[in-house]
Amino acid sequence: LLMAPALASNGCRVALAWATRDETIVAAVSSDCGVTWATPVVLSSAGTSNIQPALSIGDDGVVVAVWSSRSVTGAGQLVSGIDFDLAVCRSIDFGSTWAAPVLLDAKSGRDRGNDLSASVTNHGGKWLVAWSSEGYMDTGADSDIFVSASTDNGLTWSSTVPLYAGFSKDQTDDFDPVAVVTTSSIFAVVWRSRSALSAHSGPDVDVVVSESANLNTWSEPRAVNPESGRDSCDEPTAAACASGASVMV
């Protein structure tokens, strides 16, 4: 049974990842626009619980897959603990072979919050993963948005960074992040938020965006819809907004 499928494409190269009924992450690739597919490959470690895969394809055959896992055993016998943490693995030959999964954040084994809804994108050898975390490093019970970046084609990853400076003090949820690259080659994360950010106000769910030209510093989150501070209805999923991010952001 194919559950929570994730699809990525780059030209006629297509990659698909999914979680099976027993919560194993599996991936398959196609080099002819989906006409034929290679034999699916298991990415997750045996005996682990794995959900919500995401992946992206680079221009040079690099594929990065990321998902939420309750336990990851990779280099150095890294184990994430009982909460869901992000696992990441990479292929440098368009899915013919895959490296063993490792924790995206080395601190994950010491926190108790679930890291969920990961999204990954890339441009020019630089990669970005965004996700929502419920109480990252015990900073609160609400969910907030965090990112990690790679500047060496997914080989190593930066420390986890929050996209909202006041994340540890607010008590409302930020969720459903989508990582994108705009037509101006700017990295951006779009997500849904109930937080009283300077970007918007009100108790409803609004869609906000933060941008970075260098993956080191991020702009103050702002509302995608300039009228969001004056409406009272929930806005659509961030994924729907991100599909037009090259125009909106």
Side-chain angles (χ1 to χ4, degrees), residues 6-17 27-34 38 43 53-67 75 86-106 115 117-132 145-164 176-191 208-222 224 238-249:
L7 185 69
S9 63
N10 189 331
C12 265
R13 287 179 167 178
V14 185
L16 179 68
V29 295
S30 170
S31 298
D32 54 12
C33 296
L43 302 185
L55 44 72
S56 184
I57 305 171
D59 291 331
D60 51 2
V62 173
V63 186
V64 170
V66 59
W67 64 90
L86 292 188
V88 60
C89 72
R90 184 179 76 135
S91 171
I92 61 173
D93 51 14
F94 186 55
S96 294
T97 59
W98 291 84
V102 296
L103 291 175
L104 184 69
D105 183 352
D115 300 327
S117 303
S119 178
V120 57
T121 190
N122 77 94
H123 177 71
K126 296 180 180 180
W127 294 72
L128 172 67
V129 175
W131 69 94
S132 63
I145 305 301
F146 297 86
V147 296
S148 179
S150 172
T151 58
D152 55 9
N153 239 343
L155 180 62
T156 60
W157 295 86
S158 69
S159 299
T160 295
V161 177
L163 283 190
Y164 169 39
D176 290 347
V178 180
V180 297
V181 179
T182 73
T183 54
S184 302
S185 301
I186 300 296
F187 285 88
V189 179
V190 186
W191 72 94
V208 298
V209 60
S210 179
E211 302 152 290
S212 177
N214 56 18
L215 293 178
N216 292 318
T217 57
W218 289 86
S219 66
E220 182 72 16
R222 61 178 174 83
V224 170
C241 290
S243 64
S246 61
V247 176
M248 294 187 303
V249 303

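Every heavy atom of this structure was used, including side-chain atoms; hydrogens, water molecules and symmetry mates were not.
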Looking only at heavy atoms, which two atoms of [X] and [Y] are closest? And how far apart?
| X | Y | answer |
| --- | --- | --- |
| A6 | A54 | CB-CA, 3.9 Å |
| E211 | A188 | CG-CB, 4.0 Å |
| C89 | W98 | SG-CE3, 3.6 Å |
| W157 | W127 | CH2-CB, 3.6 Å |
| A28 | A38 | CB-O, 3.9 Å |

| field | A99: side chain to side chain contact (heavy atoms under 4.5 Å, CB included) partners, not counting sequence neighbours | value | none
Separation of [Y] [atom2] from [X] [atom1] (nearest 0.5 Å):
| X | Y | atom1 | atom2 | value |
| --- | --- | --- | --- | --- |
| N214 | K126 | CG | NZ | 7.0 Å |
| L163 | I145 | CG | CD1 | 7.0 Å |
| D105 | D115 | CG | CG | 7.5 Å |
| S132 | W191 | OG | CH2 | 11.5 Å |

Does [X] reach the main-chain N or O of [Y] with its side chain, forming a donor-acceptor pair under 3.5 Å?
| X | Y | answer |
| --- | --- | --- |
| S119 | A179 | yes |
| T182 | S184 | yes |
| S150 | T156 | yes |
| S148 | T160 | no |

Partners meeting side chain to side chain donor-acceptor pair (under 3.5 Å) with [X] (sequence neighbours left out):
| X | answer |
| --- | --- |
| S159 | none |
| S91 | D93 |
| S117 | none |
| T121 | none |

| V147, L86, V88 screened by side-chain contact (heavy atoms from CB on, under 4.5 Å) with V129, the one that passes | L86
| said: Quick check: do L43 and W67 have side-chain heavy atoms less than 4.5 Å from each other? | reply: yes
| Is there a side chain to side chain contact (heavy atoms under 4.5 Å, CB included) between V189 and L128 once you walk through the steps? | CA-CA 9 Å; V189 179; L128 172 67; 3.9 Å; yes
Under 3.5 Å, sequence neighbours excluded: what are the donor-acceptor pairs made by side chains of residues 55-66?
| residue | atom | partner | partner atom | Å |
| --- | --- | --- | --- | --- |
| S56 | OG | N122 | ND2 | 2.7 |
| D59 | OD1 | N10 | ND2 | 3.0 |
| D60 | OD2 | N153 | ND2 | 2.8 |

| Stepwise side chain to side chain contact (heavy atoms under 4.5 Å, CB included) test for R13 and V29 | CA-CA 7 Å; R13 287 179 167 178; V29 295; over 6 Å; no
| task | Look at atom CG of L215 and say whether more than 12 heavy atoms of other residues, nucleotides or ligands are closer to it than 6.0 Å. | result | yes
| request: Starting from the C-alpha separation in whole Å, work towards a yes-or-no answer on side chain to side chain contact (heavy atoms under 4.5 Å, CB included) for V178 and V180. | output: CA-CA 6 Å; V178 180; V180 297; 3.9 Å; yes
